[in-house]
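Scope of the values below: all heavy atoms of this structure, side chains included, with no hydrogens, waters or symmetry mates.
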Amino acid sequence: MSILRDFDPASDGFPFANFDTDSLDWDTYRRSYLSIWPTNDVVGAPLDVAFYDAAFEGCAKPGHCVGLSTLAITIWQLGGWFGFSSPASFYAGPPDTYPHPGPESDDLRKAVHILQARQFDAGNVQDVLQTVKAGHLNDGMAAYDRVFDGLASGDLQVISISDGLSDGHAHCLLPYRCETLASGERDLYVWDSVRPYALYPDFYDSGYNRIRINGPTDWTYNQNYPLPPPAQAITDGHLYEGVHHGWLFAFSASAVRNKGSQPFSVGYLLSDLSYFVLTGSASVAQIEDDEGRLLFETDAAGRPTGWRTDAGLAVAPWPWAGGSGSGKELYLVAGADTAITVHVEGGDYRLQVASAGRLTEVAPRGAGRAIDSIRVEPTADSHALELRTSARSRRFDVRHVHQSQPGKWAGVHVRDALVTDDALRVEFGGTGDAARVSGARARRKVDVEFERFHDGMLSSSLLEGRRFDAERPLFATPEQWVSAPRSGQPASAE
């Protein structure tokens with residue numbers, strides 16, 4: 001059922017195979033989203049740089065399945081996009097570079113880069129989180145219904161699919177036909193960017209290009225298939241099955257193809273969204289809220305084995321960021337004012353927590369392994385962190401930045417905070433000009449540095465060796481500011 005002519009994988013899909021790109025540059029970042037700072041400048045635009053490093057730069061390293069699927073479905077629907085017209089099969093790949101050539105046209109390659117990167121558009125992120133909140137992260141029936149309705153209405157969908165917690169096979173597919181069988185089973189026929197018709201015609205001509213759905217988590221999609229003898233079967237693909245605690249959901253192509261804001265842009269007050277990104281030699285062991293709702297299913301040793309897909313905790317693992325234990329994990333949270341506890345297991349790492357105009361970073365000193373619990377309590381006026389560790393003692397650096405407008409921000413950096421068998425609490429004022437440190441039973445000391453940047457000038461105020469304990473918390477505000485003009489003039493005291 002569709003208001004469009006039927007999609008033909010032979011003519012409407014790209015003829016070259018999916019390709020990967022190690023790193024997308026800053027110019028692509030600016031072309032992908034509105035209001036991005038002109039240069040990769042961590043001083044001038046700390047939030048833009050943080051999101052570029054955390055999510056954007058490497059989003060095409062696994063491939064361009066989002067970009068290729070979105071561009072193909074848009075050209076099919078609208079007749080053209082970004083200067084490229086239907087049919088998509090017109091745009092060939094370069095010769096003699098099988099199996100992952102990508103397009104021959106540099107302009108087409110850049111267009112695919114941009115649409116791959118727009119998976120993080122604020123509207124699409126909201127859409128995905130609503131799917132998670134509804135309990136449909138791994139729900140083949142709900143995905144089928146969205147595709148069916150989209151084909152009928154013109155709000156065309158893209159399928160996201162994965163087979164397990166961190167198997168490296170997160171993928172996107174273009175669904176173009178829905179069928180309900182007499183048995184009650186449902187089939188979604190898809191175009192797959194790693195199975196272009198020009199290279200794998202039997203995949204489509206013999207009807208292997210389908211997701212078979214028997215129930216919400218009872219679904220299969222197999223990229224492998226037999227060929228008539230004497231040809232050998234295609235076996236270099238992957239078998240996706242819903243029972244392996246992965247996911248299957250649909251999202252709107254229109255939310256990806258249009259240029260909008262990245263979700264944490266200054267001035268984009270998407271108040272119900274935040275993200276966590278973990279990098280380094282550690283992994284997220286669990287995420288939970290105050291009502292005890294958990295993100296992961298775990299084994300007897302407490303190790304994650306799969307995503308919990310029931311409605312409740314509105315935390316979504318972003319499919320193409322690597323997954324648990326990969327060295328980079330990205331999680332999106334619906335409810336920026338929701339208290340969340342992140343349990344991190346490992347040694348040297350950095351955890352970033354961001355929302356519109358705000359960034360908080362936590363990093364332990366030293367590479368000793370431990371399980372750290374970081375409770376994040378964001379509110380409209382302030383941010384608070386509560387740190388616990390399984391180690392006998394562990395020191396942390398905590399930094400918070402509040403960016404009120406492009407080129408203007410204030411921050412607080414609490415350094416060398418010791419955590420032992422008691423919790424340490426660090427609270428930051430909403431505008432980044434105050435810090436409160438409390439919770440330690442024994443007397444301890446920290447260094448607190450305030451920073452601010454405006455009119456091209458970076459200033460700091462360092463308070464060294466400030467003491468606190470459980471009875472006397474530390475409340476710190478800036479004292480003497482020292483300015484360091486970025487043009488290279490000598491620093492001066494204000």
Side-chain angles (χ1 to χ4, degrees), residues 50-51 53-59 61-62 120 128-129 132 137-138 160 162-171 244-247 274-289 292-309 312-333 338-354 359-376 385-399 419 423:
F51 193 78
D53 291 343
F56 184 93
E57 182 181 19
C59 71
K61 192 171 184 177
F120 298 110
V128 172
L129 284 172
V132 174
L137 177 65
N138 185 21
S160 177
S162 181
D163 186 35
L165 185 61
S166 58
D167 64 354
H169 293 286
H171 192 36
H244 292 160
H245 302 286
W247 63 76
S274 59
Y275 82 73
F276 296 85
V277 61
L278 179 73
T279 55
S281 57
S283 60
V284 173
Q286 189 59 272
I287 300 178
E288 61 180 304
D289 64 13
R293 292 176 293 203
L294 306 175
L295 176 62
F296 295 125
E297 302 280 0
T298 57
D299 60 18
R303 292 183 292 265
T305 58
W307 312 113
R308 292 179 63 95
T309 57
L313 181 64
V315 179
W318 202 249
W320 301 278
S324 178
S326 66
K328 177 176 281 189
E329 302 176 41
L330 175 63
Y331 302 88
L332 293 147
V333 183
T338 302
I340 296 289
T341 300
V342 183
H343 303 280
V344 178
E345 183 174 2
D348 187 25
Y349 65 85
R350 181 176 65 168
L351 178 71
Q352 293 178 306
V353 184
L359 172 68
T360 304
E361 298 178 324
V362 180
R365 293 193 171 192
R369 294 188 63 83
I371 299 176
D372 301 326
S373 296
I374 301 112
R375 175 181 164 82
V376 182
L385 295 175
E386 190 172 277
L387 304 174
R388 298 176 184 272
T389 183
S390 66
R392 294 184 61 185
S393 65
R394 196 161 169 88
R395 294 183 179 273
F396 291 86
D397 292 337
V398 182
R399 182 174 183 244
V419 179

### Task
Please report the shortest heavy-atom distance between Glu329 and Val284, naming the atom on each side.
OE2-N, 3.2 Å

#### Entry: Sequence-distant partners of Arg375, side-chain hydrogen bond (donor to acceptor under 3.5 Å, both in side chains), two or more places apart
Asp290, Glu377

### Task
Would you check if Tyr331 and Ile287 make a side-chain contact, meaning some heavy-atom pair closer than 4.5 Å?
yes

### Task
Please list, chain by chain and in numerical order, all residues satisfying side chain to side chain contact (heavy atoms under 4.5 Å, CB included) with Glu57, sequence neighbours excluded.
Ser23, Tyr52, Asp53

### Query
Can you find a heavy atom in the side chain of Val398 that is under 4.5 Å from one in the side chain of Leu387?
yes

### Query
Of all heavy-atom pairs between Arg369 and Ser281, which one has the smallest distance, and what is that distance?
NH1-O, 4.2 Å

### Task
Considering non-hydrogen atoms only, spot the tightest contact between Leu137 and Trp247 and give its length.
O-CB, 3.1 Å

### Task
List the steps, then state whether side-chain hydrogen bond (donor to acceptor under 3.5 Å, both in side chains) holds for Thr389 with Asp372.
CA-CA 4 Å; Thr389 183; Asp372 301 326; 2.7 Å; yes

### Summary
On a heavy-atom basis, the closest approach of Pro364 and Tyr349 is CD-O, 3.3 Å

### Task
Could you tell me whether the side chain of Leu351 reaches within less than 4.5 Å of the side chain of Val277, counting heavy atoms only?
no

### Query
If every non-hydrogen atom of Gly368 is compared with every non-hydrogen atom of Arg394, which pair is closest and at what distance?
O-NH1, 2.6 Å

### Task
Not counting sequence neighbours, which residues clear ring-ring contact (aromatic ring centres under 6.0 Å, His included) with Phe120? List them please.
Phe51, Trp318

### Task
Only counting residues at least two apart or in another chain, list the ones meeting side chain to side chain contact (heavy atoms under 4.5 Å, CB included) with Ala363.
none

### Query
Are Thr341 and Ile374 side-chain neighbours, meaning at least one heavy-atom pair lies under 4.5 Å?
no

### Message
Nearest 0.5 angstrom please: Thr279 OG1 to Arg350 CZ, how far?
### Response
5.0 Å

### Task
Report yes if the side chains of Leu332 and Phe276 come closer than 4.5 Å at any heavy-atom pair, otherwise no.
no

### His343 side, atom NE2; Gln286 side, atom CD - distance, nearest 0.5 Å
6.5 Å

### Message
List the residues meeting side-chain hydrogen bond (donor to acceptor under 3.5 Å, both in side chains) with Gln352, not counting sequence neighbours, and say none if there are none.
### Response
Glu361

### Query
Does the side-chain contact (heavy atoms from CB on, under 4.5 Å) test come out yes or no for Leu385 and Val362, once each step is laid out?
CA-CA 9 Å; Leu385 295 175; Val362 180; 3.5 Å; yes

### Summary
Sequence neighbours excluded, the answer for side chain to side chain contact (heavy atoms under 4.5 Å, CB included) partners of Ser390 is Ala370, Ile371

### Summary
The reported gap from OG in Ser162 to NE2 in His171 (rounded to nearest 0.5 angstrom) is 11.0 Å

